[in-house]
Amino acid sequence: MSKQPLIIFDTTLRDGEQSPGASMTKSEKVRIAKSLEKLGVDVIEAGFAIASQGDFEGVKAVAEKITNSRVCSLARANLVDIERAAEALKFAKSPRIHTFIATSPIHMKYKLKMEPEAVLAQAVKAVKHARKFTDDVEFSLEDASRSEFDFMRRIIEAVIDAGAGTINLPDTVGYSEPIEFGQMVGRVIQGVPNADKAIFSVHCHNDLGLAVANSLSAVINGARQVECTINGLGERAGNASLEEIVMAVRTRKDIFPVETGIVTQHIVPTSRLVASVTGFPVQPNKAIVGANAFAHESGIHQDGVLKHRETYEIMRAEDVGWNTNKLVLGKHSGRAAVKARFEALGISFDTSEGLNEAFVRFKELADKKHEIFDEDLQALVSDVHTVDTKESFRLESLEVTSKTGEKPVAWVSLWINGEVKTTSAEGSGPVDATYKAIDKLVNSKTLLQLYSVNAITSGTDSQGEVLVRLEKGGRIVNGLGADTDIVIASAKAYLNALNIMCSDKRVEHPQKSGV
Ligand code: KIV
Ligand code: ZN
């Protein structure tokens with residue numbers, strides 16, 4: 001069967017970033033974008049330029065750095081949003097403006113407070129305006145899966161005439177189910193007279209756990225672009241997972257009439273990078289990228305796999321980038337070797353200071369831990385990369401006593417806006433004592449929503465990576481810290497979250513407030 005291209009549109013940096021606590025700094029966005037480019041995604045949606053100054057800078061930085069993927073910014077269907085997106089994309093090699101407006105009766109009536117005819121007119125005006133800045137304009141009918149068919153048909157025909165080259169049909173609230181959604185997409189494509197002048201795309205949310213199934217059903221019915229995210233990150237229950245869609249299409253070539261340009265061996269490294277930057281860990285039983293996805297526990301399975309791999313395995317672990325966890329570097333490795341390994345992981349540094357700092361940290365780590373794995377390097381840059389988060393607090397020193405039968409005590413010295421302050425506190429455990437001492441100094445009035453520790457690699461000398469989620473006045477941020485000492489890692493993660501809380505003031509997301 002001859003295959004048609006399936007365009008992979010990654011929205012990890014936009015819809016993925018809309019998950020509470022997943023907001024990324026400019027340098028984090030650039031790092032992930034480079035990894036996505038290496039992965040071979042066709043379009044990178046880098047953000048929502050009008051949402052905040054940080055979003056604008058993020059889109060602009062990605063647009064300036066990426067050459068092999070198209071770079072896209074989201075914009076509501078109004079002139080100001082579109083101009084802001086165009087400005088952020090000014091230096092992109094292949095820019096795309098993605099403009100949207102809601103088309104379902106419930107969204108038009110209650111959110112937009114607009115009549116359908118006014119929505120149609122505004123959509124056409126927005127697409128025409130976007131075309132003044134780029135030939136590559138995508139139009140989304142937000143909440144398409146709950147929109148009326150005849151209205152969708154009319155608006156799509158009109159925006160294609162106005163110059164939209166991609167029409168996206170989102171299941172915004174994750175309400176659809178696969179047969180229904182596929183049929184809706186097929187019916188729209190059949191029913192729009194100028195459908196042959198556009199690529200049809202889908203964008204599915206996972207509220208009922210059906211985002212991937214819905215996307216694949218749409219592909220069978222004619223969609224030729226899917227919007228998805230690494231690890232299925234995204235608002236609420238997330239978006240369709242890129243790795244699952246790509247591997248389904250590749251594994252079931254007999255069913256899907258399409259192929260993607262994804263370099264599948266780079267899936268696991270990209271997944272790890274996104275998990276470590278956002279602080280959203282991957283569940284062990286997650287398809288493709290979960291730690292257990294290729295582990296055969298039962299004796300019968302193991303026996304079968306050893307005799308003939310295909311008895312139980314439908315994909316090869318190495319095809320998606322597993323088994324790359326080999327020993328890479330050690331105490332005697334030089335700067336060039338470290339730099340080369342970072343590059344192999346898709347990590348590059350804009351300035352020689354960035355590389356110097358990473359190299360110093362590498363040497364410190366190699367003194368404590370003989371074998372340095374790829375995961376250690378990823379965690380190490382997660383520490384270095386926080387350069388564009390303004391630092392209000394820094395750990396100067398930490399001492400903890402922990403003894404059977406006695407309450408642990410932590411002595412903490414912090415650098416706070418240029419001044420070093422010290423205190424101590426007792427706690428129910430060493431981490432609790434450390435956090436209480438930090439709180440005495442910082443008085444942050446934040447609520448700890450989540451605390452978790454993961455071993456980055458195997459062995460008791462592994463670095464522990466700590467994730468902390470804090471909430472204050474409805475705002476949620478994640479902080480990460482890694483160290484071979486998990487109490488120090490915990491302190492770093494807490495301070496990282498507090499620094500983000502202090503530095504990045506995000507506004508409410510404009511998608512929620514319509515036009
Ligand atoms: O879920 C959605 O409808 C969206 C659109 C803006 C594409 O994210
Ligand atoms: Zn979405």
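Bear in mind that the values here come from a model prediction, so they are computed numbers and not experimental data. Just follow the structure's listing: the first ligand is 1, and inside any ligand the first atom is 1.
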Problem - Ring-face cation of Arg187 near Phe149 (centre distance under 6.0 Å, axis angle within 45°) - result: yes
Problem - Arg14, portion touching ligand 1 at heavy-atom distance under 4.0 Å - result: side chain
Problem - Residue Ser140 vicinity, atoms of ligand 1 by number, heavy atom under 4.0 Å - result: 7 (C)
Exercise for the section: State, to the nearest 10 degrees, the angle whose vertex is the Zn ion (ligand 2) and whose arms point to NE2 of His205 and NE2 of His203. Expected result: 100°
Handout entry: Straight-line distance of Ser147 OG to Ile155 CD1, nearest 0.5 Å
Key = 8.5 Å
Problem - Asp15, portion touching ligand 1 at heavy-atom distance under 4.0 Å - result: side chain
Problem - Sole residue of Asp135, Asp42, Thr134, Asp136 in side chain to side chain donor-acceptor pair (under 3.5 Å) with Arg96 - result: Asp136
Completion exercise
If you compare Thr172, Val202, Asn239 by their heavy atoms, the one closest to atom 3 (O) of ligand 1 turns out to be Thr172
Handout entry: Name of the residue among Leu233, Asn231, Val41 meeting side-chain contact (heavy atoms from CB on, under 4.5 Å) with Thr12
Key = Leu233
Handout entry: Option from Glu235, Glu227, Glu45 for which salt bridge (charged side-chain N to carboxylate O under 4.0 Å, His left out) with Arg14 holds
Key = Glu45
Exercise for the section: Answer yes or no: is there a donor N or O on one side and an acceptor on the other, between the side chain of Arg475 and the main chain of Met501, under 3.5 Å? Expected result: yes
Practice task
Using a strict 4.0 Å cut-off to heavy atoms of His205, name the atoms of ligand 1 that fall inside it.
Solution key: 1 (O)
Practice task
Working to the nearest 0.5 Å, report the span between CG of Leu6 and CZ of Arg224.
Solution key: 7.5 Å
Problem - Numbered atoms of ligand 1 (with element) below 4.0 Å of Glu142, judged on heavy atoms - result: 3 (O)
Exercise for the section: Have a look at ligand 1 and work out which part of His98, if any, has a heavy atom under 4.0 Å from it: side chain, backbone, both or neither. Expected result: side chain
Handout entry: Presence of N, O or S from Asp15 under 2.8 Å of the Zn ion (ligand 2)
Key = yes
